[in-house]
Amino acid sequence: MIAHLFNAPLEEAETAVGVGTVGSSEAIMLAGLAFKRKWQNKRKAEGKPVDKPNIVTGANVQVCWEKFARYFEVELKEVKLSEGYYVMDPQQAVDMVDENTICVAAILGSTLNGEFEDVKLLNDLLVEKNKETGWDTPIHVDAASGGFIAPFLYPELEWDFRLPLVKSINVSGHKYGLVYAGIGWVIWRNKEDLPEELIFHINYLGADQPTFTLNFSKGSSQVIAQYYQLIRLGHEGYRNVMENCRENMIVLREGLEKTERFNIVSKDEGVPLVAFSLKDSSCHTEFEISDMLRRYGWIVPAYTMPPNAQHITVLRVVIREDFSRTLAERLVIDIEKVMRELDELPSRVIHKISLGQEKSESNSDNLMVTVKKSDIDKQRDIITGWKKFVADRKKTSGIC
């Protein structure tokens with residue numbers, strides 16, 4: 001079902017090649033192993049060294065890609081980000097490809113801002129480079145978030161097996177596959193893209209069972225739940241859910257824009273989420289907003305972007321199927337309350353910082369820095385004050 005959803009080139013009676021995993025992290029490990037083994041086999045057949053494999057990704061990849069590189073001894077070559085462009089640049093990625101590149105990994109739905117990377121452009125550029133060099137560098141698509149979104153919201157978008165260099169795709173069932181946590185999938189284009197020596201066959205349960213996994217005994221409930229959702233909701237049901245998520249995302253985004261306090265970092269086309277940053281962070285920060293929203297029952301993460309955009313801090317709200325329009329409107333109201341509270345906070349202790357003793361006709365320059373105090377800082381000061389008060393009382397009165 002998932003292979004057909006991703007437009008795998010299957011004959012009518014042909015069986016799809018894929019594996020159920022514990023989330024997309026394991027799926028990525030397995031896909032990476034398949035790429036590495038296939039690259040090694042080709043290099044050995046050509047009498048070339050196999051000791052320096054690398055993989056090209058954007059700096060915005062999820063940490064599981066770093067784990068794969070470190071655990072399985074593959075160099076990770078990252079395309080750095082820049083302010084205003086928070087996904088992998090296809091041209092820069094192709095420029096980093098060499099004869100030791102086992103694959104280029106593209107993300108359909110960046111963790112940072114939900115944006116879809118341009119897999120079609122990446123494929124076209126890589127096709128040209130492969131022609132020039134004689135290499136056959138493939139593409140893997142990390143569709144952990146976007147794999148169950150793009151087929152329903154953007155069916156004309158070419159990112160999947162319609163592109164000839166896309167050899168494998170992973171997707172998380174527990175994100176927008178609408179299943180509870182613990183299920184992911186990796187699908188290969190065809191049998192030739194998964195080396196047979198990685199597959200083990202067992203028959204002690206009464207029939208031949210091929211297995212390719214890093215995890216072992218696990219329950220089947222998530223697989224059953226995924227199967228149920230696919231047949232119960234069908235294409236129309238999934239499309240309705242995703243359209244509703246997108247509509248609620250628009251409500252939240254427009255509500256934040258009306259406050260005129262935030263820049264929207266996320267894109268219209270992508271995972272239904274809203275990533276935003278403060279237009280003016282001189283008085284308070286995104287981390288303070290995240291901290292104070294917890295008092296209203298919201299957990300809204302604040303984080304810095306990867307290199308070379310680490311000076312940008314972002315807040316992110318992911319819209320799932322149970323995040324209603326009412327919740328979106330309530331969140332905007334609570335964010336406005338937090339902003340008013342931050343505006344009214346008294347200044348912290350003023351720090352006097354000397355910028356140097358350079359003499360001139362005028363006095364030496366000094367900078368006065370005022371920083372606002374968050375609720376947590378206030379609480380810490382109160383606790384510290386009471387501890388000091390109690391300690392002083394013990395010293396003077398001798399009372400235990």
Side-chain angles (χ1 to χ4, degrees), residues 17-19 21 24-81 88-107 117 119 121-142 161 163-170 186-201 210-215 306-308:
V17 181
V19 178
T21 62
S24 275
S25 293
E26 184 191 4
I28 285 167
M29 302 283 175
L30 297 179
L33 279 173
F35 281 119
K36 182 181 179 182
R37 182 58 60 91
K38 193 170 183 186
W39 173 83
Q40 287 174 327
N41 291 345
K42 183 175 183 293
R43 297 278 291 179
K44 287 177 182 178
E46 296 171 348
K48 296 178 180 178
V50 295
D51 58 329
K52 294 182 179 179
N54 68 67
I55 188 168
V56 176
T57 72
N60 56 318
V61 290
Q62 219 263 357
V63 70
C64 61
W65 283 100
E66 298 177 38
K67 290 181 179 179
F68 166 75
R70 190 175 301 178
Y71 294 167
F72 296 105
E73 299 180 329
V74 176
E75 179 191 359
L76 187 67
K77 299 171 73 172
E78 292 186 338
V79 177
K80 302 303 181 186
L81 309 185
M88 179 179 71
D89 181 274
Q91 185 61 64
Q92 290 185 42
V94 172
D95 290 344
M96 295 175 75
V97 169
D98 58 32
E99 63 178 351
N100 294 316
T101 302
I102 63 174
C103 81
V104 180
I107 305 177
E117 293 183 344
V119 188
L121 177 57
L122 176 65
N123 177 87
D124 295 345
L125 292 171
L126 202 50
V127 165
E128 291 303 313
K129 182 152 190 172
N130 285 344
K131 285 180 181 177
E132 294 171 4
T133 60
W135 304 332
D136 57 356
T137 308
I139 295 172
H140 174 86
V141 180
D142 179 358
F161 292 122
L163 303 175
L165 291 184
V166 174
K167 303 299 183 181
S168 56
I169 299 171
N170 69 275
V186 56
I187 310 295
W188 283 271
R189 184 182 193 88
N190 52 49
K191 291 181 180 179
E192 290 71 33
D193 296 310
L194 175 57
E196 180 63 32
E197 63 262 36
L198 294 177
I199 303 172
F200 292 84
H201 294 265
T211 173
F212 177 36
T213 177
L214 294 177
N215 287 286
N308 290 330

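For clarity, every value in this text was computed on a predicted model and none was experimentally measured. Numbering of residues begins at 1 and proceeds along the displayed sequence.
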- request: Please assess K77 against E75 for the test salt bridge (Lys or Arg N to Asp or Glu O under 4.0 Å), listing each intermediate value before the final yes or no.
  value: CA-CA 6 Å; K77 299 171 73 172; E75 179 191 359; 5.6 Å; no
A quick test of your reading: do over 12 heavy atoms of other residues, nucleotides or ligands sit less than 6.0 Å from [atom1] of [X]?
X: K80; atom1: NZ; answer: yes
X: F72; atom1: CZ; answer: yes
X: E197; atom1: CD; answer: yes
X: K52; atom1: NZ; answer: no

task: Show your working on side chain to side chain contact (heavy atoms under 4.5 Å, CB included) between L126 and V97 and close with a plain yes or no.
output: CA-CA 9 Å; L126 202 50; V97 169; 4.2 Å; yes
Does [X] use its side chain to pair, donor to acceptor, with the backbone of [Y] at less than 3.5 Å?
X: N170; Y: I28; answer: no
X: R189; Y: V166; answer: yes
X: T213; Y: N215; answer: yes
X: E117; Y: A106; answer: no
X: N130; Y: T133; answer: no

To the closest 0.5 Å, what do you measure between [atom1] ([X]) and [atom2] ([Y])?
X: L165; Y: L125; atom1: CG; atom2: CG; answer: 10.5 Å
X: D136; Y: K167; atom1: CG; atom2: NZ; answer: 8.0 Å
X: K38; Y: S168; atom1: NZ; atom2: OG; answer: 10.0 Å

Any residue meeting salt bridge (charged side-chain N to carboxylate O under 4.0 Å, His left out) with E46, in chain and number order, not counting sequence neighbours: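 Partners of E46 under the salt bridge (charged side-chain N to carboxylate O under 4.0 Å, His left out) test: K42, K48.
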Search all heavy atoms of [X] against all heavy atoms of [Y] and return the closest pair with its distance.
X: W188; Y: A31; value: CZ2-CA, 4.1 Å
X: T137; Y: C103; value: CG2-CA, 4.3 Å
X: F68; Y: L33; value: CE1-N, 3.6 Å
X: M29; Y: C64; value: CE-O, 3.7 Å
X: T57; Y: M88; value: C-SD, 3.6 Å
X: L214; Y: E26; value: N-OE2, 3.0 Å

[Y] side chain reached by [X] side chain, heavy atoms, under 4.5 Å:
X: N123; Y: L121; result: no
X: H201; Y: E196; result: yes
X: V94; Y: V104; result: no
X: L163; Y: V119; result: yes
X: L81; Y: N308; result: no
X: V17; Y: D193; result: no
X: T101; Y: I55; result: no

field: Cationic N near anionic O, under 4.0 Å, R43 to E99
entry: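 Salt bridge between R43 and E99, a charged N being under 4.0 Å from a carboxylate O: yes.
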- prompt: Does the pair D95/K129 count as a salt bridge with the N-to-O cut at 4.0 Å?
  reply: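 No, this pair does not count.
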- prompt: What pairs meet the ring-ring contact (aromatic ring centres under 6.0 Å, His included) rule with one or both residues in residues 32-65, with sequence neighbours excluded?
  reply: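 For residues 32-65: W65-H140.
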task: Please test D142 against Q62 for side chain to side chain donor-acceptor pair (under 3.5 Å), starting from the C-alpha separation and ending with a verdict.
output: CA-CA 9 Å; D142 179 358; Q62 219 263 357; over 6 Å; no
